[in-house]
Number of protein chains: 2
Amino acid sequence: MVELMARQMDDVFQALGSATRRRMLHDLAGGPKSVGQLAEPFAMSLAAASKHVKALEKAGMIRREVRGNTHFCHLDPGPLASAHRWLSFYESFWTGRLDELERLLREEKGTIPASQEGDDT
Amino acid sequence: MVELMARQMDDVFQALGSATRRRMLHDLAGGPKSVGQLAEPFAMSLAAASKHVKALEKAGMIRREVRGNTHFCHLDPGPLASAHRWLSFYESFWTGRLDELERLLREEKGTIPASQEGDDT
DNA sequence: GATCTAGTCAACCGATTCGTTGAATAGCTG
DNA sequence: CAGCTATTCAACGAATCGGTTGACTAGATC
């Protein structure tokens with residue numbers, strides 16, 4: 001199941017809404033890193049960086065593997081794929097394929113994807 | 001120029017980090033809507049909805065056309081395309097094409113001057 | 001002109017965010 | 001054991017967020 005509920009989508013996009021965390025994800029694309037390694041590029045306390053890691057973890061984009069003293073963070077691309085998929089809905093819009101967009105909108109009238117449904121306040 | 005600066009990316013992802021605003025974007029995909037029309041699905045004051053619209057506008061995802069009394073909002077897909085493109089960097093990760101990811105990372109070494117630690121195995 | 005409608009603005013409030021610091025935990029090392 | 005390393009946790013403060021209400025502006029309508 002690739003679709004995430006609205007709440008999880010909130011977490012994912014909110015996590016992505018920080019250059020610090022985007023940079024961390026990017027660094028993680030090169031392979032697993034410890035929290036300390038992730039924190040290194042930034043002029044902030046380790047505790048602050050640790051909170052960013054926690055935010056990414058909460059959003060499901062990081063998987064933590066505690067080995068001895070150090071916590072290794074692995075990138076989990078699932079939520080990124082979900083976000084990408086959510087945005088793809090609008091792809092026909094920026095590629096100019098409005099007919100395709102219209103098809104998507106019509107098709108959707110029957111089945112409501114969770115990623116498009118905002119329910120709470 | 002498709003790339004946005006980090007600050008603008010922050011605005012875009014932060015704007016997307018709310019189910020309310022995602023719903024507004026989705027409604028806008030069907031065509032331009034007034035602020036009142038965008039606010040209608042939600043159990044919140046018009047002023048609150050207006051703030052959400054402003055957030056989307058600040059992120060560049062909405063274009064406003066004031067005609068007489070009412071403000072018509074048009075979807076501007078540019079920032080969505082940027083976000084989509086940003087996420088595409090990780091696409092090879094979730095499709096399992098790790099070799100492609102590695103190529104992207106290597107290719108990027110030349111173009112990005114930031115203090116990134118090079119750790120090739 | 002009076003009034004209704006569409007929307008913004010400013011002030012306010014409670015919750016959350018983003019950073020700090022100092023203390024605590026747990027593993028490694030001499 | 002003492003002490004270093006890696007990391008979290010708790011408390012705090014400033015800033016921002018998401019909502020409210022009441023006042024305001026501007027266009028439409030009678």
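Quick note on labels: first sequence line is chain A, next is B, and so on, each numbered from 1.
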Please determine if a side-chain N or O atom of [X] lies less than 4.0 Å away from the OP1 or OP2 oxygen of [N].
X: A:S45; N: C:dG19; result: no
X: B:S34; N: C:dG7; result: yes
X: B:R67; N: D:dG27; result: no
X: A:H71; N: D:dA6; result: no
X: B:S50; N: C:dT8; result: yes
X: B:R21; N: D:dG18; result: yes

Query - Interatomic distance, A:E91 atom CD to A:H84 atom NE2 [nearest 0.5 angstrom] - result: 7.0 Å

Mind calculating the distance between [atom1] ([X]) and [atom2] ([N]) to the nearest angstrom?
X: B:R64; N: C:dT8; atom1: CZ; atom2: C1'; value: 9 Å
X: B:K33; N: C:dG7; atom1: NZ; atom2: C1'; value: 18 Å
X: B:F42; N: D:dG19; atom1: CZ; atom2: C1'; value: 14 Å
X: B:H52; N: D:dG18; atom1: NE2; atom2: C1'; value: 6 Å
X: B:D10; N: C:dT17; atom1: CG; atom2: C1'; value: 13 Å
X: B:M24; N: D:dG18; atom1: CE; atom2: C1'; value: 12 Å
X: A:L56; N: D:dT7; atom1: CG; atom2: P; value: 15 Å
X: A:F13; N: D:dC17; atom1: CZ; atom2: C1'; value: 19 Å

[X] side-chain proximity, nearest of [options]:
X: A:N69; options: D:dG18, D:dC17, D:dA6; value: D:dA6
X: B:M44; options: D:dT20, D:dA11, C:dG7; value: D:dT20
X: B:A47; options: D:dG27, C:dT8, D:dT7; value: C:dT8
X: A:A48; options: D:dC9, D:dG19, C:dT20; value: C:dT20
X: B:K51; options: D:dG19, C:dT20, C:dT8; value: D:dG19

Query raised in the report: Angle class for the B:F13/A:F13 ring planes (parallel below 30°, perpendicular above 60°, tilted otherwise)?
Result: parallel

Report task. Compute the centroid of each ring, for A:H26 and then for B:Y90, and state whether the two points are separated by less than 6.0 Å. Result -> no

Requested in this report: Establish, yes or no, whether a centroid distance under 6.0 Å links the rings of B:F42 and B:H52.
Outcome: no

**Report entry** Check ion pair B:R23-B:D27 (N to O, under 4.0 angstrom)
**Finding:**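 Result for this pair is yes, salt bridge flagged.
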
Requested in this report: For A:T20 and for B:Q37, locate the closest nucleotide of DNA chain C by heavy-atom distance; then report the residue assigned to the nucleotide nearer the 5' terminus.
Outcome: B:Q37

